[in-house]
Asker: 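Just passing along the structure, written as structure tokens.
Remember, it's 1-based here, ligands and their atoms both numbered in the order they're listed. What you see is a predicted model; the values in this text were computed from it and never measured.
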Amino acid sequence: MAEDKTKVAKVEKKQKVVDPVEASIDVATQEMIARAQELNVETVFDRALTMKPCNIGVQGTCCKNCSMGPCRLPLPKAGIEGEDERKGLCGATANTIAARNFIRMIAGGASAHSDHGRCVAEVFLSAARKETDAYKIKDTVKLIAVAKDLGVATTVEVNGEEVDRDIDEIAVETAEVALNEWGKPEGELLYLKRAPEARYEIWKKQGVLPRNIDREIVEIMHRTHMGVDQDYKNLIKQGTRAAIADGWGGSMLATDLQDILFGAPYPIQSEANLGVMKEDHVNIIIHGHEPVLSEMIVAVAQTQEMIDYAKEKGAKGIQLSGICCTANEMLQRHGVPLCGNFLQQELAIITGACDAMVVDIQCIMQNIANVAKCFHTKVITTHPIARMEQDNVIHIEFDEHHAIEDAQRIVKIAIDNFENRVVEVMIPQHKAPIVAGFGVESIEYHLGGSFRGTYYTLNDNIINGRIRGVAGVVGCNNARTRHNNDHIIVVKELIKNDVLVLTTGCTAIACAMEGLLTPESAAVYCGPGLAEVCETVGIPPVLHMGSCVDNSRILLAATEVVKAGGLGNDISEWPVAGSAPEWMSEKAISIGHYFVVSGVYTVFGVTLPTSGAPVFHDYICKEFEKIYGGMWDIEPDPIKHAHKMIAHIDKKRKELGIDRARERVLMDMASRQAIEA
Ligand code: BF8
């Protein structure tokens with residue numbers, strides 16, 4: 001490595017560095033952390049060792065919403081006896097402060113998902129109006145379904161007869177109605193009626209039906225301004241409105257409109273982990289969340305013109321791969337391999353083989369630009385709202401009106417950079433085969449069967465106990481925990497106990513790398529009931545449902561179960577639980593909250609930023625169950641974490657009176673033989 005290229009991110013020799021095996025369970029990641037240390041390149045894993053988190057911030061009781069503070073209200077070491085007398089300068093209590101901070105996190109998360117959705121809606125409108133050649137409506141079946149849910153007419157009357165309406169007209173009106181959801185002046189979000197009726201009625205009774213997406217987020221910022229809302233129950237009510245506006249609004253629209261534009265996913269094979277990179281190819285890594293540009297990059301990188309150009313420059317071809325949720329988007333629709341999850345972004349550059357890392361929005365560590373300075377990698381930002389200050393970063397602003405040209409420029413930069421590699425390439429030789437691309441529609445196909453066209457068969461397997469319940473395990477990596485460790489322990493414990501797992505985001509990538517996304521893994525890791533179902537229908541026990549905005553798919557799958565019958569009238573009634581074992585982002589808090597208020601018992605790992613305010617903490621972790629049927633919980637130990645979820649699933653089985661069916665399935669050999677026959 002040339003000396004002058006390694007100045008910026010070098011770790012001082014005397015500085016403590018992390019033990020790679022303690023930092024991650026993944027061998028490829030361990031090898032690359034060791035490689036980083038060999039090259040003296042600092043990573044997030046080292047920084048997590050040297051920088052400790054603020055104890056008061058962790059508790060959620062630091063208020064910095066005005067300049068009289070920050071006011072810090074940590075829990076006394078001996079706990080609180082008698083009245084809690086902690087107050088900020090204005091008198092704000094620990095509960096008020098923690099609730100304000102918590103709902104500001106919801107605002108951050110909901111705005112990230114929803115602004116992503118808005119951007120997709122704008123591209124969708126351009127495509128519907130035929131203002132761009134790059135984007136076309138790909139999935140007209142989904143367009144019709146979404147149009148109906150948004151109240152757009154799909155048929156017209158001609159000469160007294162009902163006939164199909166022109167598809168282009170439907171597309172334009174659907175785009176306009178969808179965009180209106182962000183800022184309409186009156187009414188409520190249209191997708192709320194997609195929830196089970198009983199759920200909608202709970203939201204109505206509680207007065208938390210979101211009016212429009214933007215308003216609920218703005219109102220959080222107003223209410224949490226100094227001297228406004230000072231009642232933790234009223235504050236979290238607004239957090240609830242914004243979280244619902246995310247899950248059943250911005251995120252759901254993002255998923256739907258992406259499916260219409262780029263195609264709804266169906267099961268597809270691919271591979272996962274850093275080993276998908278190829279030394280003799282131009283490696284382009286796409287990182288972030290919005291698939292609008294990366295769809296174009298996938299298309300352009302496959303053209304003969306670009307492949308020939310890469311060969312002219314001495315490469316054997318172009319290898320695309322992805323990090324974070326852009327990766328999940330590209331995987332579920334095109335089979336583009338997963339390079340890694342959140343904590344692996346610096347490591348992909350440290351291979352020395354990443355010719356360009358193209359980033360859009362969210363979860364992009366600023367340090368990738370510092371790491372890139374040690375190598376030849378071009379970091380290319382593409383979004384006007386997400387630029388980087390380092391001078392080695394190239395900005396190519398994406399615009400749907402010249403998307404193909406933008407993508408061509410980016411791919412060419414990567415190809416031209418192939419010959420500039422300065423450091424010996426070291427790509428860890430670890431990758432796993434996967435099957436991804438599950439959605440509401442494909443689960444219906446696999447588990448519901450085309451005969452009934454509903455989730456009935458899934459319900460039947462839950463009722464007869466072969467499937468004990470369903471868990472949504474989602475979320476991030478967090479450098480404060482061992483990379484992927486908790487994801488994998490939680491998921492393996494669940495499937496061992498016959499709980500079918502639906503996953504998205506970085507958990508999905510962790511499961512992919514661990515080999516849990518193959519139908520064959522069922523025989524190895526699952527309890528007998530789940531293994532039997534997976535083997536019969538040929539699905540993995542862990543279903544990759546997409547990116548983090550695609551958690552909306554899990555909400556809709558949970559609703560389909562209710563509709564199919566036999567498992568209660570609401571999401572809160574059937575045996576389902578949620579989990580984010582290694583969460584770190586504000587988006588995770590928004591997702592967790594919309595799961596909870598949709599009726600799902602949801603356990604987070606790591607920590608919850610409410611521990612310094614026990615009254616508020618108990619309100620959302622205990623009292624909430626009486627209001628919403630779902631509640632928060634926190635459990636950092638992954639085995640206990642999984643068993644809390646299983647206990648909840650069993651509680652719901654008992655309430656439904658189907659607990660005995662499961663006992664029969666697991667304990668009575670005769671009934672097992674009858675099932676097999
Ligand atoms: O939105 S899981 S680290 S990549 S925030 Fe980010 Fe968390 Fe990964 Fe996708 Ni979701």
Side-chain angles (χ1 to χ4, degrees), residues 24 26 29 44-45 48 105-117 119-120 243 246-247 250-252 254-255 258 272 285-291 294 321-332 338-348 357-368 383 386 436 472-481 483-484 486-488 490-491 501-513 544-554 578-595 602 604-606:
S24 175
D26 172 54
T29 303
V44 60
F45 297 98
M105 291 183 86
I106 292 176
S111 62
H113 289 142
S114 301
D115 219 30
H116 163 173
C119 181
V120 176
D246 176 357
S251 281
M252 201 170 272
T255 297
Q258 286 170 182
I285 296 179
I286 326 168
H287 174 18
H289 285 76
E290 262 183 28
S294 42
S321 62
I323 300 239
C324 285
C325 284
T326 297
N328 289 323
E329 300 282 5
M330 296 302 97
L331 166 70
Q332 66 183 344
L338 300 166
C339 188
N341 52 9
F342 173 69
L343 283 179
Q344 291 173 292
Q345 54 188 283
E346 295 164 310
L347 306 181
M357 184 172 277
V358 187
V359 303
D360 49 76
I361 47 161
Q362 300 167 24
C363 302
I364 297 143
M365 290 189 198
Q366 189 164 354
N367 200 55
I368 59 169
H383 208 290
V473 188
V474 307
C476 323
N477 294 136
N478 186 320
R480 301 292 177 198
T481 65
H483 170 242
N484 286 359
D486 297 0
H487 288 310
I488 298 307
V490 168
V491 169
V501 171
L502 310 181
T503 183
T504 61
C506 288
T507 315
I509 303 176
C511 293
M513 288 164 18
H544 188 319
M545 303 278 284
S547 66
C548 285
V549 293
D550 294 333
N551 283 313
S552 59
R553 298 191 201 278
I554 299 182
S579 157
E582 300 179 26
W583 79 279
M584 65 88 201
S585 80
E586 291 169 326
K587 289 182 285 176
I589 292 289
S590 184
I591 293 165
H593 201 68
Y594 72 62
F595 266 94
T602 302
F604 268 37
V606 198

Asker: Any chance you could measure His289, atom NE2, to Asp360, atom CG, to the nearest 0.5 Å?
Answerer: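 With rounding to 0.5 Å, NE2 (His289) is 8.0 Å from CG (Asp360).
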Asker: I need the nearest protein heavy-atom contact for atom 7 (Fe) of ligand 1: residue, atom name and distance, please.
Answerer: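 Looking only at protein heavy atoms, the one closest to atom 7 (Fe) of ligand 1 is Cys476 SG, 2.5 Å.
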Asker: Using a distance-only test with no angle check, is there a side-chain donor-acceptor pair under 3.5 angstrom linking Lys587 and His116?
Answerer: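 His116 and Lys587 do not have a side-chain donor-acceptor pair below 3.5 Å.
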Asker: To check you understand the geometry: which heavy-atom pair defines the closest contact between Gln258 and Pro291, and what is its length?
Answerer: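 Shortest heavy-atom separation between Gln258 and Pro291 comes out as OE1-CD, 3.2 Å.
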Asker: Which of the numbered atoms in ligand 1 are under 4.0 angstrom from any heavy atom belonging to Phe342?
Answerer: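 Those atoms are 3 (S).
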Asker: Among Asn328, Thr255, Thr326, which one satisfies side chain to side chain contact (heavy atoms under 4.5 Å, CB included) with Ser547?
Answerer: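 Option passing the side chain to side chain contact (heavy atoms under 4.5 Å, CB included) with Ser547: Asn328.
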Asker: Which of the numbered atoms in ligand 1 are under 4.0 angstrom from any heavy atom belonging to Ser585?
Answerer: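 Under 4.0 Å from Ser585, ligand 1 has these atoms: 5 (S).
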Asker: Which of the numbered atoms in ligand 1 are under 4.0 angstrom from any heavy atom belonging to Cys363?
Answerer: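 Listed by number with element, the hits are 3 (S), 4 (S), 5 (S), 6 (Fe).
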Asker: May I ask whether Met584 places a heavy atom under 4.0 Å from ligand 1?
Answerer: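 Checking ligand 1 against Met584, which is what was asked, there is a heavy-atom contact under 4.0 Å.
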Asker: Distance alone, cut at 3.5 Å: any donor-acceptor contact between the side chains of Thr504 and Asp550?
Answerer: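 No, Asp550 and Thr504 have no side-chain donor paired with an acceptor closer than 3.5 Å.
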Asker: Does either side chain, that of His483 or that of Asn341, offer a donor lying less than 3.5 Å from an acceptor on the other one?
Answerer: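 The criterion, which ignores hydrogens and geometry beyond distance, is satisfied for Asn341 and His483.
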Asker: Indicate if the distance from atom 10 (Ni) of ligand 1 to the nearest N, O or S atom of Cys548 falls below 2.8 Å.
Answerer: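 Cys548 does place an N, O or S atom closer than 2.8 Å to atom 10 (Ni) of ligand 1.
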Asker: So, is His289 polar-close to ligand 1, with some N/O to N/O distance under 3.5 Å?
Answerer: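 N/O-N/O distance under 3.5 Å: yes.
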Asker: Establish, from distance only, whether the side-chain atoms of Ser590 and Asp246 form a donor-acceptor pair under 3.5 Å.
Answerer: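 On atom types as modelled, these side chains qualify, holding a pair under 3.5 Å.
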Asker: Can you tell me if Gly475 has a non-hydrogen atom under 4.0 Å from ligand 1?
Answerer: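 Yes, Gly475 has a heavy atom closer than 4.0 Å to ligand 1.
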Asker: For Lys587 and ligand 1, does the shortest N/O to N/O distance drop below 3.5 Å?
Answerer: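 There is such a contact, yes.
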Asker: Report whether any nitrogen, oxygen or sulfur of Cys506 sits less than 2.8 Å from atom 8 (Fe) of ligand 1 (N, O or S, backbone or side chain).
Answerer: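 True for Cys506.
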